[in-house]
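First comes the structure, then the notes that go with it.
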Amino acid sequence: MLDDQVRHDTLLIQVTFDLGDGTQVMVASHVDEKFEGLRLYRYRVLPDSQALVLKASGPAYDSWTMLPTFFRHPHDSAAWIILADLGERQSWGQKVFRLDAGGFNELGFLDVALPVSLPEADGGAKLKGIGPVTRVMKDGDDILFRFQVPVIHLYDDLAGGIDLRMGGDRITYRWSPTLGMVLHVDGKPRRPKKVALRS
């Protein structure tokens, strides 16, 4: 994470990260408030401290925060996997991107957060981003997302359960080139139920 070291006429910069290759990633929004809200921007610093924007991610829409956690891509050492924590005062989940020379490619969403206990006077509990306790690894052509934490908050188990607390070792997300991002609970895949359309 870097101190803000650039000027940009149209962007409000929230936080900046150095990728170590002469480029940086900033979390920023437009000076003129828009519904799309925050994005990730890969940029290069010019001699006059202006930011030359190279690529931009999809938007976070009405989120107030979009804090990224960076992982080396398990199949490509020149690429990154980014978990972007979305939310306002609490985490709403993680938007997952692949970042490479071609830009930001959205891989899916992790519908989980890290529950943190607070004193009762502060409301009892808070949901934080899961990035720091996430492990990203390869399995054949797939990418696995696992969580090294005793308890995880799962917003939707895709089987009728909402806002569940369960062991972190019970939840895995698997991204594959053919199926995209799929939630696994206790080793079994879960997919959204199809809704029958009436004519």
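Only this structure's heavy atoms are used, side chains among them; waters, hydrogens and symmetry mates stay out. Everything numeric here is computed off the predicted structure, so don't read it as measured data. Nothing fancy with the numbering, it's 1 onward along the sequence.
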| request: Find out whether Tyr173 and Asp111 are in side-chain contact, i.e. whether some heavy atom of one side chain is under 4.5 Å from a heavy atom of the other. | output: yes
| said: Keeping Arg170 on the side-chain end and Val185 on the backbone end, is there a donor-acceptor pair under 3.5 Å? | reply: no
| Beyond-backbone contact of Leu86 with Thr65, side-chain heavy atoms, under 4.5 angstrom | no
| said: Checking the side chain of Gln90 only, and the main-chain atoms of Leu127 only, is there a donor and an acceptor separated by less than 3.5 Å? | reply: yes
| note | dist Leu183:CG -> Asp157:CG (nearest 0.5 Å) comes out at 7.5 Å
| request: Quick one: do Trp80 and Asp100 satisfy side chain to side chain contact (heavy atoms under 4.5 Å, CB included)? Show the steps, please. | output: CA-CA 7 Å; Trp80 295 90; Asp100 55 26; over 6 Å; no
| side chain to side chain contact (heavy atoms under 4.5 Å, CB included) between Tyr43 and Thr16, intermediate numbers included | CA-CA 10 Å; Tyr43 69 97; Thr16 303; 2.9 Å; yes
| task | Using modelled atom types only, decide if a donor and an acceptor are shared between the side chain of Ser57 and the backbone of Leu40 within a distance under 3.5 Å. | result | yes
| said: Quick check for you: to the nearest 0.5 Å, what is the distance between Ile162 atom CD1 and Leu154 atom CG? | reply: 8.5 Å
| request: If the plane angle is over 60° it's perpendicular, under 30° parallel, otherwise tilted; pick one for Tyr155 and His153. | output: perpendicular
| query | Near Arg165 CZ, under 6.0 Å, is it more than 12 heavy atoms from other residues, nucleotides or ligands? | reply | yes
| said: To the closest 0.5 Å, what do you measure between CD1 (Ile152) and CD1 (Ile130)? | reply: 4.0 Å
| How long is the span from the CG atom in Asp141 to the CH2 atom in Trp175, to the nearest 0.5 Å? | 9.0 Å
| request: State, to 0.1 Å, how close Met137 and Arg146 come at their nearest heavy-atom pair, and which atoms those are. | output: SD-NH1, 3.8 Å
| request: For the pair Ser91 (side chain) and Gly87 (backbone), establish whether a donor and an acceptor sit closer than 3.5 Å, ignoring hydrogens and angles. | output: no
| Tell me, do Val96 and Ile82 make a side-chain contact under 4.5 Å, heavy atoms counted? | no
| message | Applying side chain to side chain contact (heavy atoms under 4.5 Å, CB included) to Asp85 and Thr69, what does each step give before you reach the verdict? | response | CA-CA 8 Å; Asp85 177 39; Thr69 303; over 6 Å; no
| field | Smallest separation among heavy atoms of Ala159 and Arg190, with atom names | value | CB-NH1, 3.5 Å
| Side chains of Arg98 and His73: donor-acceptor distance under 3.5 Å anywhere? | yes
| said: For Ile143, is there any backbone N or O sitting under 3.5 Å from a side-chain donor or acceptor partner on Asp139? | reply: no
| field | Non-hydrogen atoms of Phe71 and Thr134 that approach each other most closely | value | CE2-O, 3.4 Å
| note | Taken to the nearest 0.5 Å, the spacing of Lys95 NZ from Phe109 CZ works out to 8.0 Å
| request: Check Gln94 against Gly129 and note the closest heavy-atom contact, atom names and distance. | output: NE2-CA, 3.4 Å
| Separation of Phe70 CZ from Leu19 CG (nearest 0.5 Å) | 5.5 Å
| task | Tell me, with the steps shown, if Arg191 and Leu158 meet side chain to side chain contact (heavy atoms under 4.5 Å, CB included). | result | CA-CA 6 Å; Arg191 293 183 179 85; Leu158 302 180; 5.5 Å; no
| message | Using side-chain heavy atoms (C-beta onward) and a distance below 4.5 Å, is Leu144 in contact with Lys138? | response | no
| remark: Correct closest heavy-atom pair for Leu114 and Val151 would be CD1-O, 4.1 Å
| query | Between Ala84 and Phe97, which heavy-atom pair has the shortest distance, and what is it? | reply | CB-CE1, 4.0 Å
| message | Check Asp21 with Arg42, please: is the shortest side-chain N to carboxylate O separation under 4.0 Å? | response | yes
